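For reference, the structure discussed in these notes is given below.
The model shown is predicted, which means the values in this text are computed figures rather than measured ones. Numbered from 1 within each chain, the chains take letters A, B, ... in sequence-line order.
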2 protein chains.
Amino acid sequence: MDESEFLAGYDPRAYPAVAVTVDVVALTIRGGALHVLLVQRGEQPYAGLWALPGGFIRPGEDLPEAAARELDEETGLTGRVHIEQLASYGAPERDPRMRIVSISYLAFAPDLPDPRAGSDAADAAWHRVDRLPKLAFDHERILGHGLERARDKLEYTPLATAFAGERFTISELRAVYETVWGVPLHAGNFHRKILSVPGFVESTGETTESGGARGGPRAKLYRAGDARLLHPALLRPSREEEIR
Amino acid sequence: MDESEFLAGYDPRAYPAVAVTVDVVALTIRGGALHVLLVQRGEQPYAGLWALPGGFIRPGEDLPEAAARELDEETGLTGRVHIEQLASYGAPERDPRMRIVSISYLAFAPDLPDPRAGSDAADAAWHRVDRLPKLAFDHERILGHGLERARDKLEYTPLATAFAGERFTISELRAVYETVWGVPLHAGNFHRKILSVPGFVESTGETTESGGARGGPRAKLYRAGDARLLHPALLRPSREEEIR
DNA sequence: CTAATAGTGTCTGTAAGACAATATTTT
DNA sequence: AAAATATTGTCTTACAGACACTATTAG
């Protein structure tokens with residue numbers, strides 16, 4: 001078949017169906033480590049392996065809607081979760097059953113209770129991103145892109161507050177950055193920096209009930225401010241490797 | 001139908017097919033103005049309106065491959081063009097014929113010859129992005145996202161060099177920034193800044209054959225360097241509106 | 001010659017990062 | 001009391017932006 005035939009007479013319904021799924025990279029911080037939500041596959045292919053939660057889009061359902069539904073099915077979570085589109089994947093052989101194009105979404109949540117398993121998954125659980133089991137399909141790659149995106153967005157958006165609770169201390173916010181970036185940050189400089197960025201956090205006037213577990217004064221409590229972008233941004237400590 | 005039925009027995013082949021297309025936001029700079037490649041639709045729906053070039057993915061074809069093919073069909077361009085995934089759109093009613101999920105790609109090219117029309121398009125042409133005709137489907141929104149992405153990426157990647165030719169002067173590079181951002185930049189400060197960012201440009205040792213059209217010395221010629229990220233970044237002049 | 005442009009020098013304000021200091025709290 | 005932590009202060013360096021200046025070329 002040559003090009004003009006394709007262009008003139010191409011009818012998608014004449015070809016094997018393409019299925020569209022959404023997959024969700026849901027991140028949270030538990031016990032000082034970054035975790036991702038995974039479900040254990042109950043069926044072939046890749047039965048027994050872990051995978052990102054996801055599934056087919058339904059008739060009449062928009063993509064973000066489908067992503068929110070899939071996340072809700074695993075976590076019981078409805079509001080409270082920041083969710084955004086990540087990327088799409090459509091390599092012909094990425095699913096051995098049929099042609100599947102997957103739209104991935106990235107979600108950030110504060111520390112959450114353990115997920116409940118959906119009925120199509122043998123199990124669902126949070127996994128530390130630095131101790132991952134083998135993942136099904138190309139989900140390792142998708143997760144990698146999600147982590148990259150999350151690290152980038154901490155720099156120039158107030159995303160870090162989505163990992164913290166409703167009210168938080170500057171130290172808790174610093175812990176988010178240290179966990180996601182994997183580097184220690186200077187407490188004093190970080191503190192001053194956060195307060196100097198307009199709209200990043202706003203004071204609640206309250207303080208913690210008690211000092212830190214191992215001593216120290218009570219910390220002031222803040223809530224997320226109204227900034228959508230951080231200016232100036234919080235730049236990650238230099239990453240020479242990533243520049244070239 | 002309740003949730004457990006869906007989860008247990010959902011079979012995508014039992015539903016009306018979903019079609020997957022790629023759409024390309026191809027940007028170039030011509031005559032000091034940012035242009036996007038559009039094709040005029042020959043068929044319903046939206047016959048006569050302009051649209052982003054795109055089409056159905058083919059069996060066995062990966063997504064970036066499909067995007068490159070669609071672009072090639074309109075421009076005859078093969079290499080030389082930077083192309084990257086932009087976003088995906090899948091609102092149920094975005095195409096009146098059937099459920100179509102579209103993966104959009106963003107392409108940047110140096111000044112190009114006029115496109116040739118593909119046989120499924122009445123016409124294809126570069127349009128100034130500030131003087132657009134009415135666009136079909138949700139292509140105005142997709143283009144908007146593409147422009148946003150392009151403006152952002154100029155800040156922290158060497159993308160601007162993709163709009164310039166193989167060899168270029170600092171002034172030409174500045175013109176790219178001024179065109180895409182829509183703001184005038186200070187020539188002297190810009191010049192020093194570009195040369196101070198490691199790996200952004202490298203000298204060719206050559207100069208232009210003659211000075212500028214209206215006078216001035218010959219300019220040194222540079223080529224793109226090996227940096228993948230600009231550090232420090234070239235920040236856009238303050239955009240208070242976009243912060244909150 | 002005049003105007004325009006390439007490229008460099010200088011100065012100022014802002015902000016990042018190193019480091020120190022103080023106050024408050026837990027054990 | 002000792003250790004840990006919150007918060008603030010000081011100093012140095014890097015860098016963005018304003019502005020000035022010189023050299024070179026077209027017309």
When all nucleic acid strands are considered with a 4.0 Å heavy-atom cut-off, which category describes B/Arg236: base, sugar-phosphate, or nothing? nothing
Quick one: label A/Ser196 by what it contacts on the DNA or RNA (base, sugar-phosphate, nothing), any heavy atom closer than 4.0 Å. nothing
Sort out for me which residue in A/Leu221, A/Thr161, A/Thr204 forms a side-chain contact (heavy atoms from CB on, under 4.5 Å) with A/Phe168. A/Thr161
Whole angstroms only, please: what is the [atom1]-[atom2] distance between [X] and [N]?
X	N	atom1	atom2	result
B/Arg174	C/dT5	CZ	P	9 Å
A/Ile194	D/dT8	CD1	C1'	16 Å
A/Leu173	D/dT5	CG	P	17 Å
B/Glu206	C/dA6	CD	P	17 Å
A/Leu195	C/dA15	CG	P	14 Å
A/Leu234	C/dA15	CG	C1'	12 Å
B/Leu235	C/dA16	CG	P	11 Å
B/Leu230	D/dA16	CG	C1'	15 Å

B/Lys193 vs A/Ile170, nearer the 5' end of DNA chain D by closest nucleotide: A/Ile170
Show every donor-acceptor pair shorter than 3.5 Å between a side-chain atom in residues 103-113 of chain A and any protein atom, with sequence neighbours excluded, or say none if there are none.
| from | atom 1 | to | atom 2 | distance (Å) |
| --- | --- | --- | --- | --- |
| A/Ser104 | OG | A/Ala87 | N | 3.1 |
| A/Ser104 | OG | A/Ala87 | O | 2.8 |
| A/Tyr105 | OH | A/Gln85 | NE2 | 3.2 |

Do the side chains of A/Glu140 and A/Lys134 get close enough for a salt bridge, i.e. N-O under 4.0 angstrom? no
Between CG on residue A/Leu229 and CD on residue A/Glu155, distance to nearest 0.5 Å: 13.0 Å
Restricting to pairs with a member in residues 156-171 of chain A, which pass salt bridge (charged side-chain N to carboxylate O under 4.0 Å, His left out), not counting sequence neighbours? A/Arg167-A/Glu206
So, does B/His191 get its side chain near the phosphate of C/dG7, meaning an N or O under 4.0 Å from OP1 or OP2? yes
Base-contact (B) and sugar-phosphate-only (S) positions in nucleotides 18-27 of chain C, heavy-atom cut-off under 4.0 Å, - elsewhere: BB----BBSS
Is the count of non-hydrogen atoms from other residues, nucleotides or ligands lying under 6.0 Å from A/Arg214 atom CZ greater than 12? no
Are side-chain heavy atoms of B/Lys193 and B/Leu234 found at a separation under 4.5 Å? yes
